[in-house]
Amino acid sequence: MTSATPVSAPAETTAPPAPERHVGGAPAPAGRGSARRRELGACGVLMTPFFVLMVTVFLIPVATAVRLSFFSDDQPGLGFGPERTVFAGLRNYTAVVTDPTFLGGLGIVALYCLIYIPLMVAGALALALLLDSGVVRLRGTAQLALFLPHAVPGIIAALIWLYLYTPGISPVIEVLGKADITVDFLGVHTVLPSIVNIALWSNLGYNMVVFYAALQAVPREVIEASVVDGAGPVRTALQVKAPLVRSSIVMVAMFTLIFALQLFTEPMLLSQSTPMINSRFSPSMYIYDAAFTRNNYGLAAAASVVLLLCTVALSYGVTRWTNRAAAAEEGSR
């Protein structure tokens with residue numbers, strides 16, 4: 001008697017779970033991760049030139065200056081022995097901060113900034129508002145004419161104004177002399193305003209273009225609303241347009257401050273024609289004199305580091321002050 005062998009049912013095969021999908025059918029975790037990696041890779045590629053340039057032209061020179069500032073050249077044996085480089089600690093920094101010529105240069109640059117920065121920011125903003133108002137015809141030609149002095153290299157601009165400031169060859173002084181007006185542009189009380197004039201002539205048009213570009217982004221409906229409310233052109237410019245480009249004003253003021261602290265080209269060239277400007281007139285000229293006239297590279301490096309710290313501190317102070325002012329204005333609203 002044969003027994004029937006029971007036929008077992010085929011074992012159920014467990015299929016692997018389907019990947020989680022978002023609406024649209026794409027796997028969310030893997031897709032999001034790969035997109036994030038591609039985004040980071042693109043950011044890295046785009047930012048690499050900036051970081052390479054920053055390391056090359058900023059971080060390496062700063063590190064070199066900091067290292068040099070702690071060393072000094074010494075000649076043992078009453079100056080007759082071979083010159084050697086020795087560790088000087090903070091001696092170079094002490095010499096810089098106690099040198100009255102360096103401190104005097106800082107005072108001159110501070111006064112220069114107090115005159116130059118307000119005139120630069122106010123003048124460039126006023127020109128930009130004037131162009132944006134539509135009162136000036138041929139705005140493109142006017143922008144080009146105002147911007148052209150910035151295209152002239154700084155040393156050439158200083159040479160042009162040196163020619164106009166020098167008695168005996170200056171047509172400006174000659175014309176003023178015929179009107180019985182005597183002006184010494186390189187005198188003790190006029191040399192600093194003369195330097196400010198050169199800087200304004202060179203950079204006013206550039207900053208005007210920055211402000212004009214910012215004004216183009218101001219919504220036209222806001223300006224139209226102010227006109228409907230009865231605001232005149234001056235009130236619209238000062239109370240509507242100017243507050244809306246506050247960030248551009250802060251940026252221009254910041255960069256103007258940074259470049260003003262590096263005052264060098266104009267006084268260096270004008271020093272050839274006036275005794276009112278000596279070789280250590282500004283901190284940058286002090287650094288140049290220490291490095292290339294006195295061959296004291298440690299002292300020059302220490303002065304460079306001190307000037308850098310002053311620039312960073314002032315820039316940070318301006319940024320904090322403007323941020324607090326903006327926050328206070330927003331809170332009052």
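All values below come from the heavy atoms of this structure, side chains included, with hydrogens, waters and symmetry mates left out.
No side-chain donor from either of Asp184 and Tyr165 sits under 3.5 Å from a side-chain acceptor of the other. If you check the side chains of Thr101 and Tyr286, you find no donor sitting under 3.5 Å from an acceptor. There is no side-chain donor-acceptor pair under 3.5 Å between Tyr116 and Asn197.
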Could you go through Phe70 and Tyr93, starting from their C-alpha distance and side-chain angles, then the distance that decides it, and tell me whether this counts as ring pair (Phe, Tyr, Trp, His ring centres under 6.0 Å)? CA-CA 8 Å; Phe70 291 105; Tyr93 289 97; 5.7 Å; yes
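By the neighbour-count criterion of 12 heavy atoms within 6.0 Å, atom CZ of Phe71 is densely surrounded, having more than that number from other residues, nucleotides or ligands. For CD1 of Ile155, the number of neighbouring non-hydrogen atoms (other residues, nucleotides, ligands) closer than 6.0 Å is 12 at most. Counting heavy atoms of neighbouring residues, nucleotides and ligands inside a 6.0 Å radius, atom CZ of Arg294 exceeds 12 of them.
Relative to the six-membered ring of Phe87, Arg67 misses at least one condition, a distance below 6.0 Å or an angle of at most 45° to the axis.
The main-chain N or O of Leu164 is found under 3.5 Å from a side-chain atom of Ser170 such that the two form a donor-acceptor pair. Under a 3.5 Å cut-off, the side chain of Thr274 and the backbone N or O of Leu186 do form a donor-acceptor pair. Counting only distance, with no hydrogens or angles, the side chain of Ser226 and the backbone of Ile223 share a donor-acceptor pair below 3.5 Å.
The closest side-chain heavy-atom distance from Leu244 to Leu215 is not below 4.5 Å.
Listed by chain and residue number, Tyr288 satisfy the ring-ring contact (aromatic ring centres under 6.0 Å, His included) test with Phe264 (two or more places apart in sequence, or in another chain). Under the rule for a salt bridge (charged side-chain N to carboxylate O under 4.0 Å, His left out), the partners of Arg280 that lie at least two apart in sequence or sit in another chain are Asp289. With sequence neighbours excluded, the residues that form a ring-ring contact (aromatic ring centres under 6.0 Å, His included) with Phe147 are His150.
No option in Val318, Val312, Leu314, Thr311 other than Thr311 meets the side chain to side chain contact (heavy atoms under 4.5 Å, CB included) test with Ile258.
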